[in-house]
Amino acid sequence: MFKKNIFLGFILSFLLFNFGFSQTISKTGTMAAKFLSVGVGAKGIAMGGAVTATMDDPSAMYWNPAGIANTQKFNGLFTFTKSFADINLNYTAVAFPVENFGVVGINVTSIDYGTMDETTENYPDGTGLTFTAASYAFGVTYANYITEFFAFGINVKYIRENISKSASDGLAVDIGTNFLTPFWGLKFATSISNYGTKMQMSGEDLLKRFDSDETTGGNNESVDVYLATDSFELPLRLQLGLAKDFNFSEDYRLTLATDVIYPNDNYPWMNVGAELSLLDEIVKIRAGYETLFLEKTQKGLTAGFGINYDDFGFFGMNFDYAYQQFKDLGDVHSFGVGLRF
């Protein structure tokens, strides 16, 4: 019992220290590739993002790469999120075990911002032209169990953002761990995401004609120059998660989870979530709340459900839905389809 109290005291102290740590400046809006902070997968979103210690489908490559270490067969996932302002997010991933090696995964995240009207200083109402913008992340993941109860995972990804005729590129890694503790079945997990290079815009849009001295005649008034742009860090994020399963019978299970998130571009916050599994894991009801204790936030309540069936012969399927509340921007809906064989 003494060892258990020491272990729990260490975890709680660690969580409270990170959660209680306050920055004098939030640095919100100062990072590149902010789309990397947008959660993926209807299951994770429905549980309020409190899934660092529980996620085990291919969307774990986003939340915590160690989560796919439990993969026993080929597992594919496609998710679609219809967001506000006609912004669509797609996440596609596959994970599969490799004998005597571990589990390998591939994931692609893409955001389409749609077509927009071009405006300039001289034409604030529009030039009559349009442009598009998009963001992408392509990742490769490896995960495995180091011991019977401790899993490790790493996701290496290439990041690209396009706007009109300009773009920026970057590389990043996500590293995660999962630990099934010997204390009341508690799961403890850690994940650090988006540790990588800075990103800087370049491209044809930055090529301009320049007159070095508009007050002087006879000089070269049409020098071609590239405008200089600053480089920006990626949205680095540390997540610490705890989860506990309550098995009432073979057919009913309740999972409670909480995550503490410490980002480099905002103050720390907490997510909480729950999943109720019915009828031997066939029906799942989920709910959660995001950004608890964060004063200025748009996020809040989340909810959703899942239907899972593995008796289609040689393959199984699941369908998931999630609702996400945004206070002023409008509600967001996410859908996911998984396939296992």
Side-chain angles (χ1 to χ4, degrees), residues 33 35-47 49 51-82 88-112 134-146 151-160 171-178 189 191 193-194 196 239 275 281-282 284 286 304 306-322 334-341:
F35 78 99
L36 296 174
S37 299
V38 180
V40 303
K43 177 181 178 180
I45 293 173
M47 289 185 65
V51 291
T52 305
T54 63
M55 188 61 69
D56 57 5
D57 70 12
S59 67
M61 288 181 270
Y62 169 84
W63 300 101
N64 179 1
I68 66 168
N70 294 315
T71 303
Q72 302 296 321
K73 56 180 68 175
F74 181 92
N75 198 336
L77 176 68
F78 173 77
T79 70
F80 170 77
T81 297
K82 180 66 175 177
N88 298 321
L89 183 149
N90 297 312
Y91 178 82
T92 305
V94 295
F96 50 91
V98 179
E99 189 175 357
N100 299 322
F101 180 70
V103 178
V104 175
I106 301 171
N107 56 89
V108 178
T109 305
S110 65
I111 292 188
D112 178 13
S135 301
Y136 305 93
F138 306 90
V140 178
T141 304
Y142 170 75
N144 203 356
Y145 273 93
I146 298 177
F152 167 84
I154 181 170
N155 179 52
V156 181
K157 56 193 176 187
Y158 165 72
I159 306 156
R160 183 174 179 84
L171 294 173
V173 296
D174 310 323
I175 300 173
T177 63
N178 266 340
S191 176
S193 304
N194 309 320
Q239 294 189 190
E275 179 183 71
E281 303 290 333
I282 294 178
K284 300 182 180 182
R286 306 176 179 116
I307 298 175
N308 179 76
Y309 197 70
D310 282 314
D311 293 332
F312 287 110
F314 68 94
F315 72 96
M317 292 186 65
N318 62 276
F319 172 81
D320 297 285
Y321 165 77
S334 300
F335 307 86
V337 177
L339 177 66
R340 299 170 298 279
F341 59 86

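Between F80 and F335, the two ring planes are parallel [angle under 30°; tilted spans 30° to 60°]. Ring geometry, F341 versus F314: the interplanar angle exceeds 60°, so the pair is classed perpendicular (tilted spans 30 to 60°).
Closest non-hydrogen pair, Q239 versus T52, comes out as NE2-OG1, 2.6 Å. Scanning all heavy atoms of the two residues, the minimum distance from I68 to G105 falls at CD1-N, 4.3 Å. Taking every heavy atom of both residues into account, A33 and I159 meet most closely at CB-CG2, 4.0 Å. For the pair A93 and M61, the tightest heavy-atom approach, listed with the atom from each and the gap, is CB-CE, 3.6 Å. Residues P65 and G153 come closest through the heavy atom pair CB-C, 3.7 Å. Heavy-atom minimum distance, F35 versus Y136: CZ-O, 3.3 Å.
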Open item on the list: Set out, in order, the CA-CA distance, both residues' side-chain angles and the distance that settles side chain to side chain contact (heavy atoms under 4.5 Å, CB included) for T71 and F96, then state yes or no.
Closed with: CA-CA 6 Å; T71 303; F96 50 91; 5.7 Å; no
- [ ] Under the salt bridge (Lys or Arg N to Asp or Glu O under 4.0 Å) rule, what do K43 and D56 come out as? Steps first, then yes or no, please.
- [x] CA-CA 10 Å; K43 177 181 178 180; D56 57 5; 3.7 Å; yes
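Atom CD1 of I45 is separated from atom OG1 of T79 by 7.0 Å, given to the nearest 0.5 angstrom. A distance of 3.5 Å separates CG in D174 from NZ in K157, rounded to the nearest 0.5 Å. Here OG1 of T141 is found 9.0 Å from CD1 of I154. Values are rounded to the nearest 0.5 Å. How far CG of D310 is from NZ of K73: 6.0 Å, rounded to the nearest 0.5 Å. Atoms CG and CG, on N90 and D112 in that order, are 8.0 Å from each other to the nearest 0.5 Å. A distance of 14.0 Å separates CG in N155 from CH2 in W63, rounded to the nearest 0.5 Å.
The residue from T92, V94, L339 that alone fulfils the side-chain contact (heavy atoms from CB on, under 4.5 Å) condition with F78 is T92.
Panel note: side chain Y62, backbone L36; a donor-acceptor pair is recorded below 3.5 Å. The closest donor-acceptor contact from the side chain of N144 to the backbone of F152 lies at 3.5 Å or more, if one exists at all. When atom types are taken as modelled, the side chain of N107 and the backbone of Y91 share no donor-acceptor pair closer than 3.5 angstrom.
For the pair I106/F138, no side-chain contact is recorded, criterion being any heavy-atom separation below 4.5 Å from C-beta on. A 4.5 Å side-chain heavy-atom check between N308 and R340 finds at least one atom pair inside the cut-off.
In this model, a donor atom of one side chain and an acceptor atom of the other lie less than 3.5 Å apart for N318 and D320.
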